[in-house]
Amino acid sequence: MNRNAVALRAAELDESALSLAFDDNRVMAQLLGEHDSHLAQIEHRLGVAITPRGNRISIKGDREQSELARAVLLHLYSKAARGGEINKGEVDGAIRMVKTAEQKAPAEGGVRTRRKTINARTPNQQAYIEQIRRNELTFGIGPAGTGKTYLAVACAAEALMNGEVDRIVLSRPAVEAGERLGFLPGDMKEKVDPYLRPLYDALYDMMPQSLVQKSLAENQIEIAPLAFMRGRTLASAFIILDEAQNTTPQQMKMFLTRLGEGSRMVVTGDPSQIDLPSGVGSGLVEASSILDGVKGIGITRFVNLDIVRHPLVGRIVQAYDKLQAKAPKR
């Protein structure tokens, strides 16, 4: 036994059971939680049955899930033995950490969703997926048709499916409506739906429609208009800001500082399609410049060769780029 008294032996009771033994009853009491609340939390999240007996804990259930529960318990016990506090947030964090560590990325940068596995089609797309998985904040910048929004939604659906986050938050600036959203007919969801349609389309491509509708009803998938994000802190969420080239620098700073504990954020946009009023700078352009190289932030810059839509889309983008290159500088 080491000085932290973390018991690292696990004896198999049968094909579907594991047993852990711990030396320090005081530390074990903190691990269990009041009325075994921490064990109940792990049981609910991982679908296993956990039974404490004296200084031993028995785990029964699916073999893979039981191994995850074992890893969570060992991690939390080690933390408590070092004097760390164990609470609901720590238990959730341990579960996410262990599940993320256990997952193996599919070959060629693939992303698993309930409907299908989405594979990267270009090196930049593969790098983008890897950055999203590795960083808390990722920017996907480049022309239309490069998959920057589609892959972000795929990663969000995968993270939700795997229990890495509790919800998905979708946001997009409604430039034409701005502060006039209140004058549009319908409730908030109906007001902003037209602006979020590409995100919905991607979700329906990766999750059954009934599940998307259920998740929307239960707020597991949330529509959060950019204009109404101020003052919020988004924890345990996968947050996507699409069409970010149409944010002002003030809006972008406000949005980026919504990032809470256990969350990941992806910001996508195309600087060649800025619809802001003349003279107003783009928050995406400014942020990607200021934050380039900051630890924990990834930036993927897509190019015309990454366009994976109809081949004609690539030629259209190239034609517009040539025209813009010839235009006199303002």
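No experiment lies behind these values; they were computed from the predicted model shown. Hydrogens, waters and symmetry mates play no part in the numbers below; they use all other heavy atoms, side chains included.
For the residue pair Ser66/Arg70, the side-chain donor-acceptor check at 3.5 Å is not satisfied.
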For this session: Before giving the answer on salt bridge (Lys or Arg N to Asp or Glu O under 4.0 Å), spell out for Glu164 and Arg133 the whole-Å C-alpha distance, their side-chain angles and the decisive distance to 0.1 Å.
Result: CA-CA 11 Å; Glu164 298 171 40; Arg133 286 174 169 157; over 6 Å; no
Problem set entry | Test side-chain contact (heavy atoms from CB on, under 4.5 Å) applied to Met206 and Val153, step by step | CA-CA 9 Å; Met206 296 158 197; Val153 175; 4.0 Å; yes
Problem set entry | Worked check of side-chain contact (heavy atoms from CB on, under 4.5 Å) between Val267 and Leu256 | CA-CA 9 Å; Val267 177; Leu256 295 178; 4.0 Å; yes
For this session: Test side-chain contact (heavy atoms from CB on, under 4.5 Å) on Arg172 and Thr149 and set out the steps.
Result: CA-CA 11 Å; Arg172 202 179 193 196; Thr149 299; over 6 Å; no
For this session: Give the intermediate values and the outcome of side-chain hydrogen bond (donor to acceptor under 3.5 Å, both in side chains) for residues Glu43 and Gln41.
Result: CA-CA 5 Å; Glu43 287 179 324; Gln41 189 176 347; over 6 Å; no
For this session: Output, in order, the C-alpha distance, side-chain angles, deciding distance and verdict of side-chain contact (heavy atoms from CB on, under 4.5 Å) for Ser263 and Ile239.
Result: CA-CA 7 Å; Ser263 289; Ile239 311 145; 4.1 Å; yes
Problem set entry | Audit row: Gln273, Asp270, side-chain hydrogen bond (donor to acceptor under 3.5 Å, both in side chains) steps and yes/no | CA-CA 6 Å; Gln273 297 192 49; Asp270 178 2; 3.0 Å; yes
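Between Leu241 and Thr247 there is a side-chain heavy-atom pair separated by less than 4.5 Å. Using a 4.5 Å cut-off on side-chain heavy atoms (C-beta onward), Ser19 and Ile59 make no contact. In this structure, Ile221 and Arg167 have side chains that are not in contact, with every pair of non-hydrogen atoms separated by 4.5 Å or more. Counting only heavy atoms from C-beta outward, the side chains of Val48 and Asp62 never approach each other to under 4.5 Å. In this structure the side chain of Ile42 reaches within 4.5 angstrom of the side chain of Leu73, judged on heavy atoms. At a threshold of 4.5 Å between non-hydrogen side-chain atoms, the residues Met161 and Thr113 do not count as touching. You'll find the side chain of Ile132 reaches within 4.5 Å of the side chain of Phe238, heavy atoms only. Residues Ile141 and Pro271 form a side-chain contact, since some pair of their non-hydrogen atoms from C-beta on lies under 4.5 Å apart.
A distance of 5.5 Å separates CG of Leu74 from CZ of Phe22, quoted to the nearest 0.5 Å. In this structure, the separation between CD1 on Ile168 and CG on Leu203 is 5.5 Å, given to the nearest 0.5 Å. Expressed to the nearest 0.5 Å, how far CE of Met28 lies from CG of Asn25 amounts to 7.0 Å. Here CD1 of Ile57 is found 6.5 Å from CG of Leu20. Values are rounded to the nearest 0.5 Å. Interatomic distance, Lys148 NZ to Thr138 OG1, rounded to the nearest 0.5 Å: 15.0 Å. Note that the CD1 atom of Ile240 and the CZ atom of Arg264 stand 10.5 Å from one another [nearest 0.5 Å].
Between the side chain of Thr257 and the backbone N or O of Met254 there is at least one donor-acceptor pair closer than 3.5 Å. Remark: the backbone N or O of Leu31 is paired with a side-chain donor or acceptor of His38 at under 3.5 angstrom. At least one donor-acceptor pair under 3.5 Å links the side chain of Arg45 to the backbone N or O of Gly163.
Under a cut-off of 6.0 angstrom, the local environment of OH in Tyr320 is sparse, with at most 12 non-hydrogen atoms contributed by other residues, nucleotides or ligands. Within a 6.0 Å sphere centred on CZ of Arg230, heavy atoms belonging to other residues, nucleotides or ligands number 12 at most.
Scanning for side-chain contact (heavy atoms from CB on, under 4.5 Å) contacts around Glu261 gives an empty result, with sequence neighbours left out. The salt bridge (Lys or Arg N to Asp or Glu O under 4.0 Å) check on Lys116 picks up Asp205, with sequence neighbours excluded.
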Table please: side-chain donor-acceptor pairs of residues 285-303 below 3.5 Å, with sequence neighbours left out.
{"unit_1": "Ser288", "atom_1": "OG", "unit_2": "Leu284", "atom_2": "O", "d": "3.0"}
{"unit_1": "Ser288", "atom_1": "OG", "unit_2": "Val285", "atom_2": "O", "d": "3.1"}
{"unit_1": "Thr300", "atom_1": "OG1", "unit_2": "Gln131", "atom_2": "OE1", "d": "2.6"}

